Amino acid sequence: DAGVIQSPRHEVTEMGQEVTLRCKPISGHNSLFWYRQTMMRGLELLIYFNNNVPIDDSGMPEDRFSAKMPNASFSTLKIQPSEPRDSAVYFCASSLGNRGNEQFFGPGTRLTVL
Amino acid sequence: DAKTTQPTSMDCAEGRAANLPCNHSTISGNEYVYWYRQIHSQGPQYIIHGLKNNETNEMASLIITEDRKSSTLILPHATLRDTAVYYCIVRGFPNYGGSQGNLIFGKGTKLSVKP
């Protein structure tokens, strides 16, 4: 298995632009997670899906952030409009069963908002 | 907030055992201890988890004290590739709803394995 796939690996954009990050979980996994990592705040959970349904989005920082999971093999995290403080590494992870099980992380997307 | 306390950094000689401590004095009876690590520029990687018994897998051993207030992750023969930030996380085994059982990452311990 290729593991969790994220694209793009790097994204540089200007303030105010829309940014879409993509994630393909491991085939067969039914839980998907989006995390954000910064030097200041460390690694934070943004949102968690189970069977394509958002279960906990309490970590989503504000309305500029939205996440979707239209099917079991694809998820997006969108930021509109983007701001410089959104610059971070965004990780997607997936797991089999509920989130108590081992989470497999993707390589991350490094986002820079100028 | 993370429920654990870990040293900020540790060094270990290549080939020696690396013993990474973690304090979790407020752990409750249904909470597990998880360890993940993050090698530079990569996503976190699961290592091991346990409830109260010691656990061992191909990567590491987890020793949990009898009162469950602290634990130690042991890498028996550290290699240069084990250089990473190691996160000790306490979490309940979650239901599907709500935030119970989310992985909450603290600062971790930066382990440097030296030749």
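Here is the naming used below: chain letters follow the sequence lines, and residue numbers restart at 1 for every chain. No experiment lies behind these values; they were computed from the predicted model shown. Side chains included, hydrogens not; waters and symmetry mates left out as well; all remaining heavy atoms used.
Residue A:D63 qualifies as open at atom CG: its count of foreign heavy atoms under 6.0 Å is 12 or below. Within 6.0 Å of CZ in A:R110 there are 12 or fewer heavy atoms belonging to other residues, nucleotides or ligands.
Between atom CD1 of residue B:I48 and atom CD of residue A:E102 there is a gap of 11.0 Å, rounded to the nearest 0.5 Å. Interatomic distance, A:Y35 OH to B:L103 CG, rounded to the nearest 0.5 Å: 4.0 Å.
The stretch residues 10-59 of chain A participates, sequence neighbours left out, in these disulfide (SG to SG under 2.5 Å) pairs: A:C23-A:C92.
Looking at A:Q37, only its side chain comes within 4.5 Å of chain B, counting heavy atoms on both sides.
Applying the side chain to side chain contact (heavy atoms under 4.5 Å, CB included) test to B:T83 and every residue at least two apart in sequence or in another chain returns B:V113. Looking at residues two or more places apart in sequence or on another chain, you find no ring pair (Phe, Tyr, Trp, His ring centres under 6.0 Å) involving A:F65.
One hydrophobic cluster holds both A:M60 and A:F49 under the rule that ILVMFWY side chains link at heavy-atom gaps under 4.5 Å. In this structure, A:L32 is a member of the same hydrophobic cluster as A:Y90, with clusters built from ILVMFWY side-chain heavy atoms closer than 4.5 Å. Both B:V85 and A:L45 are assigned to one and the same hydrophobic cluster, defined by single-linkage of ILVMFWY side chains at heavy-atom distances under 4.5 Å.
Chain A is approached within less than 4.5 Å, heavy atom to heavy atom, by B:Y36, B:Q38, B:S41, B:Q42, B:G43 from residues 35-43 of chain B, ordered by number.
The shortest heavy-atom contact between A:M39 and B:K107 is O-NZ, 4.4 Å.
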